[in-house]
Protein chains: 4
Amino acid sequence: MKKNKPKYKQIIEAAVEVIAENGYHASQVSKIAKKAGVADGTIYLYFKNKEDILVSVFKEKMGQFVEQISTSIDKKQNAREKLLTLIEKHYYQLANDHHLAIVTQLELRQSNKDLRLQINNVLKPYLTEIDKIVNEGIEEGLFRDDLNLPLVRQMIFGILDETVTNWVMKDQKYDLVKQASAVHTLITNGLSK
Amino acid sequence: MKKNKPKYKQIIEAAVEVIAENGYHASQVSKIAKKAGVADGTIYLYFKNKEDILVSVFKEKMGQFVEQISTSIDKKQNAREKLLTLIEKHYYQLANDHHLAIVTQLELRQSNKDLRLQINNVLKPYLTEIDKIVNEGIEEGLFRDDLNLPLVRQMIFGILDETVTNWVMKDQKYDLVKQASAVHTLITNGLSK
Amino acid sequence: MKKNKPKYKQIIEAAVEVIAENGYHASQVSKIAKKAGVADGTIYLYFKNKEDILVSVFKEKMGQFVEQISTSIDKKQNAREKLLTLIEKHYYQLANDHHLAIVTQLELRQSNKDLRLQINNVLKPYLTEIDKIVNEGIEEGLFRDDLNLPLVRQMIFGILDETVTNWVMKDQKYDLVKQASAVHTLITNGLSK
Amino acid sequence: MKKNKPKYKQIIEAAVEVIAENGYHASQVSKIAKKAGVADGTIYLYFKNKEDILVSVFKEKMGQFVEQISTSIDKKQNAREKLLTLIEKHYYQLANDHHLAIVTQLELRQSNKDLRLQINNVLKPYLTEIDKIVNEGIEEGLFRDDLNLPLVRQMIFGILDETVTNWVMKDQKYDLVKQASAVHTLITNGLSK
DNA sequence: GATGAATGAGGCTTCATTCAT
DNA sequence: TATGAATGAAGCCTCATTCAT
């Protein structure tokens with residue numbers, strides 16, 4: 001299978017670096033090839049076209065991203081801890097891979113609607129993970145049972161996404177992971193006394 | 001002043017339409033000129049370059065957007081109502097201008113970091129508006145006084161932005177404004193019982 | 001109308017020269033632009049794409065070619081002289097425009113079937129001219145009346161085309177026009193005593 | 001000798017099929033290799049380069065083509081019958097191998113002048129065959145003795161070539177072989193009464 | 001002899017911007 | 001001010017050929 005060949009991984013890694021360093025639109029295929037240490041043509045033995053590189057980057061990286069989070073969550077006992085873990089791991093992983101953070105928060109958004117729909121598909125398992133936690137919280141009696149699930153899902157994702165984007169736009173100058181607890185509190189308790 | 005001349009407005013309006021209909025990358029300057037009923041070269045009498053058109057579109061539209069919201073908020077007496085109004089008006093305005101919704105949620109994001117920083121500048125008055133509401137809520141004793149203000153601001157903006165984007169990506173098939181109340185509840189009360 | 005603008009003609013003439021000198025496949029658009037003294041992009045203000053340049057070259061040149069022949073033929077009184085004129089003018093024009101001869105006999109054939117079908121369309125008026133002469137010859141009692149018209153047309157065209165191609169392949173070393181009379185005799189009288 | 005090895009033949013046959021089905025320019029070496037059931041690299045053990053495949057295809061196929069015609073002609077007693085046989089067999093063979101007809105009449109012409117010169121070389125034995133018939137006809141007193149031999153040769157070849165090309169361009173919809181007799185008459189008797 | 005993964009040169013076309021009128 | 005014809009830089013992708021195995 002192509003995806004297990006070393007060059008496939010090389011190209012993916014090179015793509016993340018090149019996109020993070022140069023931005024989406026200045027990321028020529030030739031630059032990615034050079035960074036990956038392969039010929040331009042070799043790219044096309046592993047990817048259909050440039051867009052396919054981008055989608056693949058996202059799939060690979062998001063696959064790992066979600067898996068890491070899922071694994072960590074599974075070790076936790078209740079919805080409260082699971083939600084905290086989701087937030088922490090979400091922040092932790094992006095904080096520890098600056099290139100990936102830039103790519104997911106800024107560069108990959110510079111794509112057309114079709115590509116964005118594909119990216120959304122890749123994100124579905126992550127959103128399902130959120131849903132599971134919320135449902136569990138309701139069953140545990142921790143969360144209110146009148147919650148509008150899709151809305152809660154968008155709320156949680158929106159908060160995490162915006163806080164990470166803000167951190168990236170501020171050049172990653174502060175400690176993202178430290179915010180996890182406060183964000184957790186805000187999500188669970190809201191603004192009210 | 002250039003911005004008050006009729007052609008300036010014409011071009012701005014044409015840009016919104018063209019971008020919404022064709023997407024950011026298929027929105028050539030010549031297409032905008034044609035829709036605006038001016039020559040290509042005329043564009044450059046009013047705007048420095050293509051990016052300047054985009055920033056200007058955002059400034060013009062967001063200026064009106066924020067002003068509408070501010071005006072509505074000023075009529076309200078307390079933070080709770082102000083926050084609800086903010087949400088409602090945010091949704092209402094985008095729900096009533098499909099072109100604008102597509103442009104702000106999808107197309108304008110397909111730009112590089114520099115442009116994004118400029119857009120963020122344009123958004124500052126809106127974020128200040130949020131800050132004011134939260135501070136007022138704290139003073140009123142409605143909200144907790146240990147809130148991390150920048151974080152709350154990002155949270156609120158993140159929720160609104162993500163819910164609108166979701167609605168646009170789902171082809172604006174459901175009633176966005178109707179969600180305002182549920183979103184308000186989530187923000188103020190969080191998930192917990 | 002674009003076709004009457006000077007740049008259109010310039011590009012057509014440049015294309016003939018470049019194709020004749022470099023061959024069809026080595027005739028980059030940039031080479032044609034350079035020879036025409038315009039920018040690469042200017043080509044695309046006058047032609048849809050590279051293939052369109054080729055078809056246009058053929059249309060322009062063949063249009064003149066056929067017109068020249070038609071005009072000359074109209075001055076002749078009978079089918080015998082008309083046929084001789086057709087042959088003479090066919091040879092004469094190509095013999096006097098070496099570039100054109102190379103382009104029509106060698107280079108333009110290096111194109112796919114679709115392009116070839118378009119070229120055939122351009123040739124139709126020429127073939128009609130042949131038909132008219134043959135029919136006239138039959139009416140005059142000069143030619144046999146059991147002639148298979150399409151076949152005769154192909155025969156005449158095939159002979160002219162092959163003799164010109166042979167002359168081009170032999171690097172135009174002999175006098176093509178001088179052959180006209182012999183060819184005329186062969187067509188009218190065949191091989192037999 | 002390489003040419004007698006089975007893979008050589010396989011590749012030649014595959015090339016004819018691939019070129020006929022896809023056209024000259026869409027006939028990648030890898031496609032030919034696949035159809036021949038060999039690896040891409042194997043092609044280069046039997047052929048110098050892609051052009052060599054094409055020339056070899058033509059040599060192989062035209063060799064058989066001319067041989068068939070020669071054999072048939074040898075059985076005939078006089079120039080008249082020999083010429084008719086030449087025409088009939090020329091048509092017959094191409095009519096019975098549609099792939100070959102497409103390749104010789106359309107696809108192989110999409111090559112540069114050098115390749116065309118090589119192809120002409122391959123055709124020489126065929127042209128010699130024509131010469132022999134014409135000379136024989138003159139000796140027999142059948143044909144006029146003032147014939148310009150090279151011109152007659154070009155005439156006969158031009159007619160056959162054009163009529164076959166016309167038939168291929170018309171998608172081989174009519175019966176080519178049936179035309180042989182009429183063509184024979186035209187060549188021997190010309191248009192005149 | 002046979003393989004097929006890897007190579008890398010090469011060109012058509014778009015479109016933001018300019019400038020002579 | 002306004003025009004719009006002209007500019008020209010820049011990049012994705014294909015595919016004939018090679019060579020280590």
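Order of the sequence lines fixes the chain letters, A, B, ..., with proteins taken first and strands second; residue numbering starts at 1 for each chain. These numbers come from the heavy atoms of this one structure, side chains and all, not from hydrogens, waters or symmetry mates.
- To the nearest 0.5 Å, the span separating CG on Asn120(C) from CE on Met169(D) amounts to 4.5 Å.
- Atom CG of Leu94(C) and atom NE2 of His99(C) lie 13.5 Å apart (nearest 0.5 Å).
- Atom CD1 of residue Ile32(A) and atom CD1 of residue Ile43(A) lie 6.0 Å apart, to the nearest 0.5 angstrom.
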Between the protein and nucleotides 8-11 of chain F, are there any N/O to N/O pairs under 3.5 Å, and if so, what are the atom names and distances?
| residue | atom | partner | partner atom | Å |
| --- | --- | --- | --- | --- |
| dG8(F) | N7 | Gly41(C) | N | 3.1 |
| dG11(F) | OP1 | Gln28(A) | NE2 | 2.8 |

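- Note that CG of Leu100(D) and CD of Glu17(D) are 12.0 Å apart. Values are rounded to the nearest 0.5 Å.
- Here OG of Ser56(A) is found 5.0 Å from CD1 of Ile12(A). Values are rounded to the nearest 0.5 Å.
- In this structure, Ile32(C) places its CD1 atom 11 Å from C1' of dC12(E), rounding to the nearest Å.
- The separation between Ile43(C) atom CD1 and dA5(F) atom C1' is 14 Å, rounded to whole Å.
- Residue Gln10(B) contributes atom CD, which lies 14 Å from atom P of dT1(F) at whole-angstrom precision.
- For the pair Lys50(D) and Tyr24(D), the cation-pi test (distance below 6.0 Å, angle within 45°) is passed.
- Positionally, the nearest nucleotide of DNA chain E for Lys48(C) lies more toward the 5' end than for the other of Lys48(C) and Glu51(B).
- Rounding to the nearest 0.5 Å places OG of Ser27(C) at 6.5 Å from NZ of Lys31(C).
- Annotated stems with DNA chain E as a participant read E:2-21 with F:2-21, given as range with range, by first number; only runs of 3 or more Watson-Crick or G-U pairs under 3.5 Å qualify.
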Worked verdict on Glu13(A) versus Lys61(A) for side chain to side chain contact (heavy atoms under 4.5 Å, CB included): CA-CA 9 Å; Glu13(A) 297 306 324; Lys61(A) 292 297 180 178; 3.2 Å; yes

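- Within a heavy-atom distance below 4.0 Å of DNA chain F, no residue of residues 13-24 of chain B is found.
- Within the 4.5 Å cutoff, no side-chain heavy atoms of Val168(A) are placed close to those of His98(A).
- Distance CG (Asp52(A)) to C1' (dC13(F)): 14 Å, rounded to an integer number of Å.
- Between the CD1 atom of Ile11(B) and the C1' atom of dT1(F) there is a distance of 12 Å, rounded to whole Å.
- Atom OH in Tyr44(D) sits roughly 15 Å away from atom C1' in dA5(E) (whole-Å rounding).
- Considering Ile11(B), Val16(B), Val18(B) as possible partners of Lys35(B), the one that fulfils the side-chain contact (heavy atoms from CB on, under 4.5 Å) test is Val18(B).
- The side chain of Lys5(D) contributes an N or O atom lying less than 4.0 Å from OP1 or OP2 of dG1(E).
- Atom-to-atom, CD1 of Ile53(B) to P of dA16(E) comes out at 9 Å; the value is rounded to the nearest Å.
- No hydrogens or angles considered: nothing links the side chains of Asn22(D) and Gln28(D) as a donor-acceptor pair under 3.5 Å.
- Between Phe47(A) and Tyr8(A), the ring planes are parallel. Angles under 30° get that label, and only those over 60° would be called perpendicular.
- Closest approach to the Leu45(B) side chain among dT3(F), dT18(F), dA2(E) is made by dT3(F) (side chain taken as heavy atoms from C-beta onward).
- One atom, OH of Tyr46(D), and another, C1' of dT3(E), lie 13 Å apart when rounded to the nearest Å.
- Along DNA chain E, the nucleotide nearest Lys7(A) and the nucleotide nearest Ser27(B) are compared for position; the residue whose nucleotide lies closer to the 5' end is Lys7(A).
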